[in-house]
Novice: 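Below is a structure I'd like to ask you about.
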Amino acid sequence: MLEVAGLTTKYGAISALRDATLTVGSGEVIGLIGPNGAGKTTLLNSVAGLLDPAAGSISFDGVDVTGSSPEKLLRAGLALVPEHRRIFTDMTVEENLKIGGITRSAADRASDLDEMAELFPVLRDKWTTAAGFLSGGEAQQLAIARALMSRPKLLMMDEPSLGLAPILVDVVFNLIATLREQGRTLLVVEQNATRMLAASDRAYVLRSGEIVATGTGTELSGRDDLFDTFVGGAGA
Amino acid sequence: MIELLQNLIDGLGRGSIYALLALGVAVIFGVMHLLNFAHGELITVGGYAAYAASNQGWSWYVITPLIIVCAVGASLLIERIAFSRVRGASDFTLLLTSFGVHFVVSAIFLLYVSASVKTFSRPRWVTNTYSVGSLNIEVFDTVVIVVTVITLLATTWLLQRTMFGLALRGAAADFDTARLMGVKSDSVIRGAFALSGLLAGIAGVFWLMRSGSTTPSAGIDPMLSGVLAALIGGLGSLRGAVLGGFVLGLAEVLLRSRLPDGIAPLTDGVVFVLIALLFIFRPQGLITVAHAERV
Amino acid sequence: MFPKFDRDIAFPLLGSLILFGMLAGAGVVYQALFDGGAAERLITVMLIDAIIVLGIQVYVGNTGVLSFGHIGFGAIAGYTFAVLAITPEEKAKRIPDAPFGLADVDMSSTLAIIIAVVVACLAAVILGIGLARSGAQSGAVSATVITLALLFVTHEVSRNWPELTGGERVGLFFPIGGALDTRAPIYLALLGSLIVARLYAQSRSGRLAVAAREDNLAARAMGVNPLVQQMVALIISVAIVAVGASLSVYEDGSLLPENFFFDFTLLTLVMLIVGGRNSVTGAVLGVAVMTAGRELARRLGQDGFEILGIGLDGKPLDWIFRENLQTVFLGLSMLGFMIWRPKGLLDDWELDEWLRSRVRRNHPDPQPEPLPEVVADTTSVLHAEHIDVKFGGFKALADAGLHANGGEVVGIIGPNGAGKTTLVNVITGLVQPSAGEFFIDGDDVSKTQTYELARRGIVRTFQNLRLFGALTVRENVEVSSLIAQSHRIGRTIPDIDALIAEAGLWEHRDRRANALDYGNSRRLELARAAALAPSFLLLDEPTSGMSNSESLEMIEQVRHMAATVGAGVIVIDHDLGFITGISDRIYAFDQGAVIAVGTPEEIQANHRVQAAYLGSTAEA
């Protein structure tokens, strides 16, 4: 469904991502793990069209979409839940969801709003509250629900557990599991490697802007060097 | 007491026009971070349209929609020709671009019409007044206030209840995230310019009805009022812009009637000094919009 | 050391002389070619415009704040000058009721100019305070509107105070035909303005102002108080504009409110923008180019188009070549340059810098000697405790603390979002904690400003790299060295060149910071921080985005730099290998709180730390 080949993205003279190649098949849940500064967010933002890649190609559903704008990619079926959630804090929960479904017809949007209310009971209780008043966990659920409103073929999430208390991290991973059961295609960036590996079909490990390992959750969990890759082996 | 009430009504009338102008400035600032020094030119364009139409002997029933259409058209055209080319540029560049647009537009009228004042007939009822008790109320002020209230209600409805309004607010709050949701940047920015032009057009109708004349540099005063009111309210806040407009209008009227005779001609100067003081004590304006400094 | 005589004094003086010669010479040549009063007047006006544009450049160029108000200062100076210098007889005709007994003042023009400059500068101080409060910094929108408001205040007052100004229609007059019978004062003022503008840009204040223009936050973190430097730039700038405005009034022989309003603001700003606002040479070039262009447009508008005697007057192009074409030309120049070349023709290129680099090409600097290590100042102590920080409803830090002694290397680790950077932001005054205390050497500094903390020796680097992009490597380091020289009294201040060499940047010393690659940018940040002779170096993810071998190199570099300047180190990194390789003690953070403190060995063996890294709930 998504094929990324040789993707390189630069900030000025700095290559934040070098020669990244990955694929996501329909119905798969793919994890993207690695330490801070490894280039995970850069990878997602490049695929979502927020950053212009310096080299490489991105194709989605067999169509070359390298360099497309985010609004175009969303219409093609590719949605991103951005890092730090970035919900619209001055708008109500309902309005946040509505803007997520801006590309849909009014009738579809209305029926999807009902569906989200059912899928996320926490949000239903705060339907007309300004999103700025939500707790971290509620805000994360809103961000995911908002992205689902566009009925994406591929949903990308950037660090959905960031800054959440342990109990809420459980909520997020339960949600990922639910979405996986529904057969949705997910590409998830996570720092919480152990849990992400357990929750995904396959995973890629990034470090210093490069993909350094790939495999199924069990394969990667079994590898002894994973801990070192994660916390750094430079001085050890 | 009666005098104060009188001032209040006069001030609301004046403030209504400022509020409409300021809201137009704030809408553009929200989506593009552009402080539009060319906002007043929309009224200049309307003014010359009114002049041309008035020469043809057309009535204000025709001139009114004509001014509004011209303002919206000019707003969209300016976006297309100039502002779309500097999207995402530095604030410095954006400020000077709008300053440049202001001069090009006024220079075109200078070149093709004339530097002198062009007058046109005003509707007769503009100078009429009616009395309520011992209050003397202008028909004009009444119309301005009523139309402004209706316009503001309609704008609120547009922003709160329609998908376009939602997209506009989303883009103003976080442009990238709005695009991730599928908000088309071209459409939302053009929509913002159209809305801004519409508001300027309505304000322009009143402005021109009262002045009955235009010159190539006629846009400066409405631009300054709009920009200052938006700033008083707190840049980036739509509610603040409207509030700022009314505050500015009331301040002007109150000062003009209360200042001692010797200083009264300097009212505008005094208003500016007060605004400067406001900024010294409340640098962010009346309504603060949070802008975190990311490290 | 600073100032460098040839770079900061001799060459700028030489450059100013050459620019003066070129502009004045061009004027003389033009007058010789086109005889007559009109040509003479055009050149006189150009020279005066140049003085005013140079004045504006001092502020706008060095601080990056766009000002529409300088012509307003010009109006203040112009009216002060006129009211003082016009003879009492003339005043009796125009403004017999002038307040404060001004109608009877009889004063020499020179004294009147001096007083005009003083009055304009006083106004600048008042406006400067307002600008400072509004958070003026490069590109700040509210600052620009405040300057615009000043322009309108002066305009309104000059229109509506006829007792003083003669009002909108009458105005003020010198004897008809202008009063300035020689151009000598204009030449003198122009040369003086050039020299002041160039010397200011090279001065301590100028360099600090430019650093703040490039990155306000980084400048503050290096101990620069941008507001002070902006004020200095504003006063010097307004003084030059005031001289130019007074001369303009004197030369014109008359003064009306419209003279110092929007049209003149547009003209001077276009001149500045076209040449390149960040350069004195650019300002002069812009004045010349726009004077020529405007004159050409004016003539085309007046006389129609004509090539080689073939006139097209009254022909197809007539719809363009009309009266007032020059105004369209100015507006379009402004728009065109903003859209296609916002930094102008020259950006920040300076004639004298180019000359100096040509002259010195054959005389390279000698490679500096390595710096001796300095005995660490082990007496200094940094202590923070019970720090709470909230962003909206999110608790970024909860009862966090940190203790570091001088000369010690303290590491901070933790996963993304653990609150590490927030803690460094608190310690450097960028984030105000909602609770908690923070001390340096026993003094409570919880409420201290960022730049003051830097001057006390708390100096940081940034995770996302915040260099002064348009400045060279050497100039970047020089900024902190300038601060060190005046605020790190009693410390050994490292030599700039030696420090650059130690950082491995010697061959790049004259390159711009924004042209450096990633690793060198990181090294420059480290050198720039070290040049401040800090007590504590705070490094936020110095190896972020680096490969393993580069990270290893960085460890050595950090150790070496810290030893060279005798500083303690507090270093954040996610890379446990890097941190354990360098630190004496380590704080491990998770969820905004300290979860472990200890030696590298203790931390490596700590299960909570491992769990925090790979997912705290997995093992919980």
Side-chain angles (χ1 to χ4, degrees), chain A residues 41 44-45 47-52 68-92 94-106 108-110 128 130-132 139 142-152 155-158, chain B residues 26-27 29-32 84 87-90 155-192 233-243 284 287-295:
Chain A
T41 296
L44 284 202
N45 286 347
V47 172
L50 285 176
L51 297 172
D52 270 333
S68 290
S69 67
E71 53 260 44
K72 232 174 150 180
L73 286 163
L74 184 103
R75 285 176 174 73
L78 203 151
L80 169 67
V81 182
E83 193 180 13
H84 303 296
R85 310 184 261 280
R86 309 218 352 212
I87 50 172
F88 300 109
T89 49
D90 288 341
M91 296 186 191
T92 65
E94 185 187 8
E95 285 173 329
N96 266 280
L97 293 173
K98 271 186 172 170
I99 203 170
I102 196 162
T103 54
R104 323 274 317 284
S105 73
D108 288 352
R109 196 159 51 230
T128 52
L142 174 59
I144 295 171
R146 184 181 63 174
L148 287 173
M149 284 294 294
S150 70
R151 295 253 162 163
L155 180 66
M156 304 191 286
M157 298 187 215
D158 197 348
Chain B
V27 165
F29 188 83
V31 291
M32 252 189 98
S84 65
R87 258 183 227 169
S90 71
T155 309
T156 310
W157 174 84
L158 180 80
L159 290 173
Q160 300 289 337
R161 293 276 175 259
T162 66
M163 284 316 281
F164 166 73
L166 215 51
L168 189 74
R169 285 159 62 210
D174 185 341
F175 204 89
D176 274 349
T177 303
R179 294 182 74 192
L180 282 176
M181 299 303 123
V183 173
K184 285 183 182 163
S185 48
D186 279 343
S187 327
V188 78
I189 287 178
R190 279 182 207 143
L235 262 181
S237 160
L238 300 182
R239 240 169 293 155
V242 173
L243 180 67
Q284 299 304 321
I287 294 183
T288 310
V289 181
H291 287 292
E293 192 170 32
R294 277 193 76 77
V295 180

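Labels below follow one simple rule: chain letters A, B, ... track the order of the sequence lines, proteins then strands, and each chain is numbered from 1.
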Novice: Taking atom CZ of B:R239 as the centre, report whether more than 12 heavy atoms of other residues, nucleotides or ligands fall under 6.0 Å from it.
Specialist: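 No, because the 6.0 Å sphere around CZ of B:R239 holds 12 heavy atoms or fewer from other groups.
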Novice: Where do A:P70 and B:R179 come nearest, in terms of heavy atoms and distance?
Specialist: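 Closest heavy-atom pair between A:P70 and B:R179: CD-NH2, 3.5 Å.
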Novice: Under 4.5 Å, counting heavy-atom pairs only, tell me which of A:I99, A:T103, A:L78 racks up the most with chain B.
Specialist: A:I99
Novice: Please classify the contact between A:S69 and chain B as side chain, backbone, both or neither, with a heavy-atom cut-off of under 4.5 Å.
Specialist: both
Novice: Does the side chain of B:T177 come within less than 4.5 Å of A:R146's, by heavy atoms?
Specialist: yes
Novice: Under a 4.5 Å heavy-atom cut-off, does chain B meet the side chain of A:L50, its backbone, both or neither?
Specialist: side chain
Novice: Nearest 0.5 angstrom please: A:E94 CD to B:L166 CG, how far?
Specialist: 9.5 Å
Novice: Give me the atom names and distance for the closest heavy-atom approach of B:A173 to A:F88.
Specialist: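 Nearest heavy atoms, B:A173 then A:F88: CB-CD2, 4.0 Å.
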Novice: For a quick test of reading the model, state the closest non-hydrogen atom pair linking A:K98 to B:M163 and the distance between them.
Specialist: O-CE, 3.2 Å
Novice: Sort A:R86 into side chain, backbone, both or neither according to what part of it lies under 4.5 angstrom from a heavy atom of chain B.
Specialist: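 Both backbone and side chain.
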Novice: Would the number of heavy atoms belonging to other residues, nucleotides or ligands and lying under 6.0 Å from CG of A:D90 be above 12?
Specialist: no
Novice: Picking from A:L74, A:N96, A:V81, A:I87, which has the most non-hydrogen pairs under 4.5 angstrom with chain B?
Specialist: A:L74
